[in-house]
Amino acid sequence: MSGRLCLAMRAADRVPCSGRSRIVSWRHLVIAMPTSMLSQLKAVKVRGAVLMTALLTGAALPALPVMAQSGASDTASTETSATVQQDRLAPAVRQAVLLDPQVTEATARACQMAHRLGLTRAEGRPKLTATISGSKEVLSRIKRSPPTPGILSRPHTAAQREIYKTGAHTRDFDHDEKNNIYDAKLTLRYTLFDFGQRRNQTDASVIAFEVAQIDARDVMRTRSHDMLRLALSLRQLDQMVSLQRMTLDQVNEHVANVRARVEAGAGRVVDLREAQLVSLDQEIALNRAVAERDQLREIFRSEFELEVEDASALAQTFIQYRPDTLPVILADRTDKAHALRLRQSQVGHEAESIRGSRLPKLDGVLDGTIFDVTDYEDEYEVVGRIEVTMPLYDGGTARARLRETDWRKRELKSSLDALHRGHARESESLAQRSQQLIREENEAIARRDELNARMRAQQERQGKTISAPLALARLRAEIGAAEARLLEISNEAELVRARASLVAEQLDSILGLTLGDAAC
């Protein structure tokens with residue numbers, strides 16, 4: 001099937017294609033293409049992403065994980081990917097994340113932007129207004145028109161002649177014409193042309209809504225990472241408590257042997273005190289681990305209103321579905337960078353709208369009037385007109401707003417540069433820490449194995465010639481310390497992977513989290 005592309009909505013999907021093909025990532029799309037076309041694609045950003053991933057993780061290129069997250073991703077593909085994986089977390093854990101106050105606050109802001117977008121679109125639609133106007137006499141004193149003088153009637157007096165001279169006799173006519181007369185009027189107004197002002201306002205509102213959705217997803221990832229960090233720490237402390245108890249029991253066995261030798265007269269009291277001191281150190285370490293675990297459990301319950309079992313399930317889910325290698329993504333392809341670029345575009349639309357407000361605006365108006373609705377006798381009129389509005393002077397308001405948008409563009413550009421530097425610095429730091437933990441783990445394993453070998457040799461020697469339970473107690477304590485160090489390294493490695501998943505914006509896909517359709 002040469003020349004045909006097979007598209008999938010997420011990295012985990014595999015679309016069957018005949019012929020030889022390889023899988024590469026492009027934003028949220030996984031593109032399966034013939035090998036002959038792959039060399040052409042490597043000339044663009046995909047090559048840089050693969051090389052950067054190999055550089056930071058130290059892994060071979062064919063073994064790198066597919067990048068399934070991108071800043072320019074659309075909401076539909078993200079939600080489709082998470083819907084397939086939504087059964088990974090327990091309902092209580094998912095609900096705790098989605099109903100977290102910070103997450104609901106960000107979702108509410110997105111809903112505000114959605115309704116503000118609807119308001120902007122509504123302002124560009126035709127407006128129809130109905131008006132009923134009329135008047136009714138409440139109290140009046142009007143100079144009435146004097147009667148017309150006739151042959152038999154007396155001529156007008158001076159006061160009556162003054163009425164005609166001043167025109168006061170017309171007031172009576174106007175009063176009778178307007179009193180108890182009610183007119184109905186319908187007005188249809190639509191802006192025909194405004195130099196793109198309305199269009200730019202709508203585009204800016206659309207971008208603001210997209211940015212609010214990205215921010216809400218980022219808050220959800222951050223809160224899920226906070227929960228996961230506590231869950232991993234609780235998991236490590238549970239294992240540490242079990243290990244310390246087992247070590248304490250084993251040390252106490254050797255302490256009992258030392259006490260038996262002292263009571264039998266074959267040992268020294270100093271040896272017993274040293275053995276008891278070793279046991280006391282183990283007991284202190286156990287009590288410290290128990291206290292730290294209880295404190296962390298209380299923090300987990302109070303902050304997320306979940307039980308310890310939920311924390312264990314969350315940690316197990318992450319360990320099960322996380323990638324084996326450290327996830328890495330280029331800063332330019334993150335959602336945060338995409339949001340900053342969207343904000344830059346939004347500022348551009350706002351600037352164009354401001355410039356359009358300084359130009360003429362053409363409105364079409366259609367008025368329909370029904371006269372005297374209380375005594376309707378088929379009297380109406382329909383009047384159409386064109387209105388051209390031209391702002392001549394606004395006191396410098398438009399110019400000041402344009403200058404503000406220019407500085408906002410500079411601010412967003414600086415924020416984008418800072419994001420790129422911070423993202424690269426943190427990704428490199430996480431990769432270096434991961435490599436360092438691997439070396440420390442190998443060293444800790446080697447130390448533990450050496451201590452176990454010494455323990456076996458000491459036990460064989462004790463069984464044949466000399467009995468030294470104090471040395472065995474010390475060795476057992478050192479082995480327990482080596483095992484505890486391994487647990488600490490393992491937990492820190494998982495924390496580094498969790499942080500790297502957050503930085504690479506893959507944590508929500510790993511846990512199967514999605515905001516879903518917000519009920520705005």
For residues 478-485, dump all side-chain donor-acceptor pairs below 3.5 Å to protein atoms at least two apart in sequence or in another chain.
from: Arg485; atom 1: NH1; to: Glu488; atom 2: OE1; distance (Å): 3.3
from: Arg485; atom 1: NH2; to: Glu440; atom 2: OE1; distance (Å): 3.0

Which donor-acceptor pairs under 3.5 Å do side chains of residues 444-454 form with protein atoms, sequence neighbours excluded?
from: Asn452; atom 1: ND2; to: Arg448; atom 2: O; distance (Å): 3.3

Could you list the donor-acceptor pairs under 3.5 angstrom formed between side-chain atoms of residues 281-294 and any protein atom two or more places apart in sequence or on another chain?
from: Asn287; atom 1: ND2; to: Glu283; atom 2: O; distance (Å): 3.2

When the side chains of residues 308-319 are checked against the rest of the protein, which donor-acceptor pairs come out under 3.5 Å, sequence neighbours left out?
from: Asp310; atom 1: OD2; to: Glu307; atom 2: N; distance (Å): 3.2
from: Thr317; atom 1: OG1; to: Ala313; atom 2: O; distance (Å): 2.8

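Taking 4.0 Å as the cut-off between side-chain N and carboxylate O, Asp194 and Arg199 do not count as a salt-bridged pair. Between Asp215 and Arg343, at least one side-chain N (NZ, or NE/NH1/NH2) sits under 4.0 Å from a carboxylate O, which counts as a salt bridge. Salt-bridge annotation for Asp324 and Arg497: absent, with no side-chain N of the basic residue lying under 4.0 Å from a carboxylate O of the acidic one. For the pair Glu404 and Arg401, the salt-bridge criterion is not met [side-chain N within less than 4.0 Å of a carboxylate O].
Here the side chains of His423 and Ser427 are in contact, with some heavy-atom distance below 4.5 Å.
With sequence neighbours left out, Arg456 forms a salt bridge (charged side-chain N to carboxylate O under 4.0 Å, His left out) with no residue at all. For Arg410, the side chain to side chain contact (heavy atoms under 4.5 Å, CB included) test picks out Trp407, with sequence neighbours left out. Residues meeting the side chain to side chain contact (heavy atoms under 4.5 Å, CB included) test with Ala90, sequence neighbours left out: Val93. In this structure, the side chain to side chain contact (heavy atoms under 4.5 Å, CB included) partners of Leu128, at least two apart in sequence or on a different chain, are Leu188. Taking Val103 as the reference, Asp100, Thr107, Val219, Met220, Arg223, Leu515 meet the side chain to side chain contact (heavy atoms under 4.5 Å, CB included) condition, with sequence neighbours excluded. For Glu123, there are no salt bridge (charged side-chain N to carboxylate O under 4.0 Å, His left out) partners, not counting sequence neighbours. With sequence neighbours left out, the salt bridge (charged side-chain N to carboxylate O under 4.0 Å, His left out) criterion links Glu443 to no other residue.
Between Ile354 and Ala398, the closest heavy-atom pair is CG2-O, 3.6 Å. The two atoms that bring Leu472 and Gln459 nearest to each other are CD2-CG, 4.0 Å, heavy atoms only. Residues Ala504 and Ile329 come closest through the heavy atom pair CA-CG2, 3.4 Å. Shown here for Thr405 and Ala351, the closest heavy-atom pair between the two residues is OG1-CB, 4.0 Å.
Relative to the six-membered ring of Phe209, Arg116 misses at least one condition, a distance below 6.0 Å or an angle of at most 45° to the axis.
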Start with the C-alpha distance between Gln436 and Gln432, add both sets of side-chain angles, then the distance that settles side chain to side chain donor-acceptor pair (under 3.5 Å), and finish with yes or no. CA-CA 6 Å; Gln436 182 180 358; Gln432 292 177 355; over 6 Å; no
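Screening residues 230-241 for side-chain hydrogen bond (donor to acceptor under 3.5 Å, both in side chains) gives Asp238-Arg297 as the qualifying pairs, with residues at least two apart or on separate chains.
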